[in-house]
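These notes concern the structure reproduced below.
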Amino acid sequence: MQPAKFDYYRPDTLSEAVELLTSVDGARPIAGGHSLLPAMKLRVASPAALVDLGRIPDLTGISRDGDSLMIGALATHAAVAASDLAKADCPVLADTASQIGDPQVRNRGTIGGSLAHADPAADYPTLMRAIGATIHVTGAGGSERAIPADDFFVDLFTTALEVGELVTAVEVPVMAAGQSGVYLKHRHPASSYAVVGIAAIVTVDGGSCTAAAIGVGGVTGKPERADAAEAALIGQEPSDELVATAAAAVAESLANPIGDIYASGEFRVHLASVLTKRALSEAFGAGSA
Amino acid sequence: MTSLFTKVSPEPTTDAGVRRITVSINGNQHTVDVEPRLLLAHLIRQGLDLTGTHTGCDTTHCGACTVLFDGTPVKSCTMFAVQAEGHEITTVEGLATASELHPIQESFKDEHGLQCGFCTPGMMLTAKALLDENPDPTEDEVRWALSGNLCRCTGYQNIVKSVLAAAARLRSQGATDEEEGETS
């Protein structure tokens with residue numbers, strides 16, 4: 001399969017990249033290319049020009065900044081999965097990265113690309129909503145914005161990014177004392193995409209759950225928060241019954257589920273409930289250990 | 001069928017739709033003029049006649065087109081050739097020398113690690129990257145490393161055995177080399 005023709009640009013700096021994306025008609029950025037290139041082969045996407053971000057320095061680092069990790073947009077999934085900093089300060093981030101695709105995909109795919117593409121079956125967006133990440137972007141004239149994950153994902157393959165804006169870094173809060181996070185998915189057997197993915201981040205203090213965030217991916221057009229399930233957990237002592245009650249409430253946040261040939265919308269909602277139960281059990285187990 | 005690449009002429013290209021790139025493949029520098037939409041897998045196979053790199057699914061799933069990109073396995077059907085400019089590519093042709101097979105190839109032969117052979121180049125290159133980084137992997141680690149390579153003959157048992165055997169072979173070679181180094 002051969003993509004349609006396009007013009008190719010390879011800027012050396014972020015400002016050049018932004019300039020090209022705003023001035024060249026129909027230009028789209030490409031990093032690892034593991035979402036865009038397959039879409040181009042299918043001619044679902046036929047950008048007139050590609051701006052290759054692959055040679056822009058300083059966008060691959062992973063560092064600690066106060067109570068957050070700053071992940072450069074060009075950090076590959078393999079780099080995040082192998083990062084000692086991520087494994088120590090935010091294990092669920094490294095673990096999520098290790099579940100994306102397969103080893104070859106993780107060697108090329110980038111965190112910025114995954115978030116900007118906003119595939120409903122991707123893994124990172126679900127985690128970012130649950131964990132309260134902030135997406136840092138740079139646009140025309142070097143203007144910068146910090147967009148909370150809650151506002152970043154708008155709909156199916158649609159984000160709050162304006163034309164010319166590029167994701168530069170993802171700010172992920174580190175796990176606090178008593179806090180633990182789990183990401184689980186029902187993996188599509190061929191593509192390894194999440195049929196349904198669940199990210200559960202819980203805090204247990206003095207024997208009761210004081211904070212909970214549950215992200216649900218793969219069921220609707222964008223990652224959702226399971227508000228009703230979260231509310232059921234707050235102030236309660238973790239138990240199997242509590243987890244079951246919360247998991248049963250997940251469906252309330254999943255209006256208009258999307259189905260396909262592999263899994264109907266109804267089945268996806270069911271999977272979301274089952275996986276929430278497993279993710280919460282594991283998260284509470286880790287918190288009490 | 002129109003070609004998306006040409007073996008380079010001495011004159012600089014004047015075609016705006018074409019880009020001149022130099023890529024190192026198995027240690028040899030290749031300078032070619034390519035359309036930006038040319039896939040790395042097609043440059044390797046049709047442009048440079050290195051047909052050991054197979055294209056299977058063409059959708060980033062099967063791993064038959066796996067090559068090493070600066071030492072890490074990537075699927076060459078999901079990269080543009082222009083993205084490889086200035087990088088080091090290793091294909092299956094880069095494993096053996098003129099006189100002997102690579103220990104990974106020897107082990108695939110001994111342990112019946114291939115049936116139809118279509119997935120084998122990708123399997124061996126992924127195995128090489130694993131063993132370069134982890135010379136003594138567990139069976140689980142081998143299976144995890146190979147999880148992006150599909151074998152439609154479902155010959156996974158012997159593929160895993162082959163990689164473990166290759167690891168042992170490489171370790172014992174390394175030990176022999178060290179001993180020889182000490183006595184010489």
Side-chain angles (χ1 to χ4, degrees), chain A residues 1-10 12 27-56 74 76-79 81-82 98-110 113 119 187-193, chain B residues 1-4 16-21 34-42 46 55 57-87 122-123 125-127 129-130 133 141-150:
Chain A
M1 290 182 289
Q2 200 63 57
K5 285 192 178 202
F6 56 85
D7 292 330
Y8 177 78
Y9 300 89
R10 193 163 63 209
D12 295 318
R28 284 192 65 177
I30 187 166
H34 272 48
S35 301
L36 183 55
L37 204 157
M40 289 172 67
K41 281 176 157 187
L42 294 169
R43 310 258 175 144
V44 174
S46 302
L50 285 186
V51 178
D52 185 352
L53 310 178
R55 310 288 161 113
I56 298 176
L74 294 179
T76 62
H77 310 324
S98 77
Q99 295 185 50
I100 299 171
D102 60 43
Q104 288 95 319
V105 168
R106 292 193 290 275
N107 285 337
R108 289 292 295 164
T110 66
D119 191 317
R187 175 186 290 265
H188 189 286
S191 71
S192 294
Y193 270 107
Chain B
M1 187 181 150
T2 51
S3 178
L4 301 183
V18 166
R19 201 175 163 107
R20 176 157 299 180
I21 62 167
V34 299
E35 267 195 47
R37 61 176 173 155
L38 179 70
L39 300 172
L40 179 59
H42 292 166
Q46 280 103 40
T55 47
C57 70
D58 207 2
T59 56
T60 336
H61 293 140
C62 79
C65 66
T66 298
V67 299
L68 301 184
F69 179 78
D70 295 337
T72 45
V74 302
K75 294 179 178 178
S76 62
C77 78
T78 311
M79 263 189 83
F80 292 116
V82 283
Q83 291 178 292
E85 183 175 7
H87 289 278
M123 290 285 179
L125 288 165
T126 306
L130 168 71
E133 200 174 298
E141 286 169 336
V142 171
R143 287 179 183 275
W144 183 244
L146 295 177
S147 57
N149 294 77
L150 304 184

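Below, read A as the first sequence line, B as the second, and so on, with proteins coming before strands; counting in each chain starts at 1.
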Against chain A, work out which of [options] has the most heavy-atom pairs shorter than 4.5 Å and name it.
options                    : answer
B/Ala129, B/Gly63, B/Cys77 : B/Cys77
B/Val82, B/Thr55, B/Thr66  : B/Val82
B/Cys57, B/Pro73, B/Cys62  : B/Pro73

Could you report the tightest heavy-atom contact between A/Ser98 and B/Trp144, atom names first, then the distance?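 Heavy-atom minimum between the residues: O-CZ2, 3.4 Å.
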Determine the minimum heavy-atom distance between A/Met1 and B/Thr59, stating which atoms define it. CE-CG2, 3.7 Å
Going from CG on A/Leu42 to CG on B/Asp58, what distance comes out if it is rounded to the nearest 0.5 angstrom? 9.0 Å
Nearest 0.5 Å, what's the NZ-CZ distance between A/Lys41 and B/Arg37?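 Answer for the NZ-CZ pair, A/Lys41 versus B/Arg37, is 13.5 Å.
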Taking CZ in A/Arg187 as the centre, count heavy atoms belonging to other residues, nucleotides or ligands within less than 6.0 Å. Is the count above 12?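 Buried by this count: over 12 neighbours within 6.0 Å.
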Counting only heavy atoms closer than 4.5 Å, note whether A/Ala78 contacts chain B via side chain, backbone, both or neither. neither
Check each atom of A/Ile30 against the heavy atoms of chain B and say whether the ones under 4.5 Å are side chain, backbone, both or neither.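 Contact with chain B: side chain only.
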Any heavy-atom pair between the side chains of B/Thr78 and A/Pro38 that's under 4.5 Å?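 SC-SC contact between A/Pro38 and B/Thr78 confirmed.
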Give a yes or no on whether the backbone of B/Gly17 and the side-chain of A/Lys5 come within a donor-acceptor separation of less than 3.5 Å. no
Members of residues 101-110 of chain A whose heavy atoms come closer than 4.5 Å to chain B: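 At a heavy-atom separation under 4.5 Å, chain B is reached by A/Asp102, A/Pro103, A/Gln104, A/Val105, A/Arg106, A/Asn107, A/Arg108.
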Results of salt bridge (charged side-chain N to carboxylate O under 4.0 Å, His left out) for A/Arg10 - residues two or more places apart only: B/Glu85
Tell me which of these, A/Ser191, A/Gly33, A/Gly32, has more heavy-atom pairs under 4.5 Å with chain B than the rest.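 Greatest number of close heavy-atom pairs with chain B: A/Ser191.
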Test of understanding: with ring-ring contact (aromatic ring centres under 6.0 Å, His included), list the residues that count as partners of A/Phe6, not counting sequence neighbours. B/Phe80
Run the ring-ring contact (aromatic ring centres under 6.0 Å, His included) test against A/His34 and tell me which residues pass, sequence neighbours left out.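 Testing A/His34 for ring-ring contact (aromatic ring centres under 6.0 Å, His included), a comparison that skips the adjacent residues, returns none.
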